[in-house]
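All remarks here apply to the structure that follows.
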Amino acid sequence: MSDYNAPVKDMNFVLRELAGLGDICALPYFEESSEDMVESVLEEAGKFASGVFAPLNTKGDLQGAVCEQRAVQETAGFADAYQQFVDGGWGSLACSPEYGGMGLPESVGMTVMEMWSAANCSLGLCPMLGQGAIGAIEGHASEALKDTFLSKMVSGEWTGTMNLTEPQAGSDLAAVRTKAVAEGDHYRIYGTKIFITWGDHQMTDNIVHLVLARIADAPAGVKGISLFVVPKFLVNADGTLGERNDAYAVSVEHKMGIHGSPTCVINFGDNEGAVGYLVGEENQGLAYMFTMMNHARLNIGVQGVALADRAYQKAVSYARDRVQGLAAGDRDKGTIIRHPDVRRMLMTMRALTEASRALCYVASSAFDAGHHSVDSELARAANSRGEMLTPLAKAWSTEVAQEVTSLGVQIHGGMGFIEETGAAQIMRDARISTIYEGTTGIQANDLMGRKLLRDNGLEFGRVVEEIRAVQVTAAAAGSDFTSMAQSLEENVSLLESAVNTVLSEGTGNVHLSGAVAVNVLMAFGTIVGGWQLARAALVARDKMAEDPTFYATKIVTARFFAEQIMPRAKAYLSAAGAGSDTIMALEDSQF
Ligand SMILES: Cc1cc2nc3c(=O)[nH]c(=O)nc-3n(C[C@H](O)[C@H](O)[C@H](O)COP(=O)(O)OP(=O)(O)OC[C@H]3O[C@@H](n4cnc5c(N)ncnc54)[C@H](O)[C@@H]3O)c2cc1C
């Protein structure tokens, strides 16, 4: 049986009230979508996640994928669950109707992705990667490639993978060495990729690999990387499957978590060379891959939210059951939920989870507006907002997920350290989320270099303006809102001056930006979290009579965040203010 209940009510609230679902559904592209229809989709998805994916979560942990004779066998039961996923059309929700998708907003696709990741993080990764691959093919490949691959990928009949990493090329993709040699209308691919998620399995009869490789004589560095579609089985002109391609998984990694997700070493071209088809133009591969990476980054951010929520649900349930000690003010011994410190942990988990959910959904809906607004100025502004929020959504949400899932273990006491309860699995599964799809350090560099500095802080200024507007409304909203208004006022000013310092002094100190980046990102993420929860609390005030329990909880959670979490922003900024001196002071040999 499942112990996961998708928080459909909160998801729906965030989509409607914070992420502007109504406005998104009003765009001509989404004319088939409506808020009510989305709500029904979320309810059904929640049932599917807890009924089909969640019961296999522990099994995936205990009986992870194995690789034998160049073929990966996934956890028993996953294939059947995945087939039900395909039959239910779940993979195609946010895909283009042109290829059989339902054409719902990407923010709705992401919400549902939160459910898959919470219910079964390992299995959820398979459609997550597939959808990124669909986006890259749809955005950049020829019509012929789209016609050959997209409809089967959208339906989920074929899965997709992302092949970037090589032993010497991790964060630095400029170092990619896999080779592509032209041969008629295709290329032959030679090289080894490592860490490829769902790189092989037996759940579907084909797998579509997207592979970064270099064509002979391509320029050095990132300007010489091209993107190729390399199917596991070649596809005949009539759409039937042809020969086995020369691309084989040769091993799977033994990992700290997500054991049910095969993380493969894939050899391309051990024999005659793997047939690959160029996507778009030569040497534009990295730019195309970014289509996929932005999608994946937001979805990994929401994976952090998912595991945080799962940890919270488990911790609440344990805290309600476990009898231990006499809480201050009580006459009888009771359950641990009575102890103020346990409640502090639960509130921290709750507040960080809700804040990161809001951040991720708001970022995703900005891209819905950016990609589909008819007004080009609105589209530009929305894309710019989505791009600003993406590194925060990815890095802040996954960093706080480490804390939340660890608190989940703590609330279980000794039992948290014992695998049986499942709290440890959630923590182990969450650990990778700050690493793949660009580590926290890489996200922070992206925030500083590309998002803040590139337009001289223009988009950042717009975000600050909007935070200040919420702060002013909160300040006038009564005593429950005072701490929200004060914490936003104080911290947004500190953030602004930290960013201005980096903007003005960065050129004179090459180390400054990299040294302060993660602290600035963590402060910014915290402040955006506080901003979104204050917005939620203001909506709650207006709607209180409709559902007093739900909305009163929203206000308390936002107050808790303002009073107990927001002080962290000041500490991060104070550390950032100390600059790079001590960080760079020791010689390499002194470490
Ligand atoms: C379970 C799992 C699944 C994965 N799935 C996929 C997949 O499907 N496809 C795929 O292509 N890859 C995948 N990866 C690879 C993953 O994306 C990389 O591991 C990740 O990008 C980090 O690269 P790396 O491991 O080489 O670490 P490195 O790049 O060596 O980084 C090591 C440390 O140095 C820091 N660092 C490196 N460069 C910089 C810099 N410029 N500035 C600041 N700090 C820096 C990093 O932040 C990190 O702390 C997966 C990895 C794992 C473990």
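We count ligands from 1, going down the list as the structure has it; atoms in each ligand are counted the same way. Reckoned from all heavy atoms, side chains included, excluding hydrogens, waters and symmetry mates. Quick note: residue numbers are just sequence positions, from 1.
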(message) With side chain to side chain donor-acceptor pair (under 3.5 Å) as the rule and sequence neighbours excluded, what pairs involving residues 579-590 come up?
(response)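 Every side chain to side chain donor-acceptor pair (under 3.5 Å) pair that includes a residue of residues 579-590, provided the two are not neighbours, is Asn509-Ser580.
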(request) Only pairs at least two apart or in different chains count here, so list each side chain to side chain donor-acceptor pair (under 3.5 Å) that has a residue in residues 64-85. (result)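 Every side chain to side chain donor-acceptor pair (under 3.5 Å) pair that includes a residue of residues 64-85, provided the two are not neighbours, is Asp80-Gln84, Gln83-Asp87.
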(message) I need the nearest protein heavy-atom contact for atom 4 (C) of ligand 1: residue, atom name and distance, please.
(response)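 Residue, atom and distance for the closest contact: Phe195 O, 3.1 Å.
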(request) Give the residue and atom name of whichever protein heavy atom lies nearest to atom 12 (N) of ligand 1, and the separation in Å to one decimal. (result)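 Result: Thr165 OG1, 2.7 Å.
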(message) Do Met162 and Leu164 have side chains that approach each other closer than 4.5 Å (heavy atoms only, starting at C-beta)?
(response)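 In contact.
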(message) When you compare the side chain of Ser397 with that of Leu359, does any pair of heavy atoms fall below 4.5 Å?
(response)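 Side chain of Leu359 against side chain of Ser397, heavy atoms only: contact under 4.5 Å found.
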What atoms of ligand 1 come within less than 4.0 Å of a heavy atom belonging to [X]?
{"X": "Thr197", "result": "3 (C), 4 (C), 5 (N), 6 (C), 7 (C), 8 (O)"}
{"X": "Glu437", "result": "17 (O)"}
{"X": "Ile435", "result": "20 (C)"}
{"X": "Met162", "result": "7 (C), 8 (O), 9 (N), 10 (C), 11 (O)"}
{"X": "Lys255", "result": "1 (C)"}

(request) Examine the proximity of ligand 1 to Thr161 and report which part, side chain or backbone, both or neither, has a heavy atom under 4.0 Å away. (result)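 Thr161 to ligand 1: no contact under 4.0 Å from either part.
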Distance below 4.0 Å between [atom] and any protein heavy atom?
{"atom": "atom 26 (O) of ligand 1", "result": "yes"}
{"atom": "atom 44 (N) of ligand 1", "result": "no"}
{"atom": "atom 35 (C) of ligand 1", "result": "no"}
{"atom": "atom 47 (O) of ligand 1", "result": "yes"}
{"atom": "atom 17 (O) of ligand 1", "result": "yes"}

Purely on distance, is any nitrogen or oxygen of [X] under 3.5 Å from one on ligand 1?
{"X": "Asn445", "answer": "yes"}
{"X": "Ser171", "answer": "yes"}
{"X": "Leu164", "answer": "yes"}

(request) May I ask you to check whether over 12 heavy atoms, not counting those of Lys255, lie within 6.0 Å of atom NZ? (result)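 More than 12 within 6.0 Å, yes.
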(request) Only heavy atoms count here, so choose which of Thr439, Ile432, Asp446 is nearest to atom 53 (C) of ligand 1. (result)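 The option holding the nearest heavy atom is Ile432.
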(request) With atom 41 (N) of ligand 1 as the reference point, say which of Ile442, Leu212, Thr263, Leu125 has the nearest heavy atom. (result)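 Going through Ile442, Leu212, Thr263, Leu125 one by one, Ile442 has the nearest heavy atom to atom 41 (N) of ligand 1.
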(message) For Phe53 together with Phe85, are the ring centres under 6.0 Å from each other?
(response)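 Yes: the rings meet the under 6.0 Å criterion.
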(request) Kindly say whether the aromatic ring centers of Phe195 and Tyr436 come within a distance under 6.0 Å. (result)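 Centroid distance Phe195-Tyr436: not below 6.0 Å, so no.
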Establish, from distance only, whether the side-chain atoms of [X] and [Y] form a donor-acceptor pair under 3.5 Å.
{"X": "Gln303", "Y": "Ser433", "result": "no"}
{"X": "Asn500", "Y": "Glu496", "result": "no"}
{"X": "Ser356", "Y": "Trp396", "result": "no"}

(request) Apply the ring-ring contact (aromatic ring centres under 6.0 Å, His included) test between His140 and each candidate in Phe228, Tyr288, Tyr277; give the one that qualifies. (result)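 Among Phe228, Tyr288, Tyr277, the one meeting ring-ring contact (aromatic ring centres under 6.0 Å, His included) with His140 is Tyr288.
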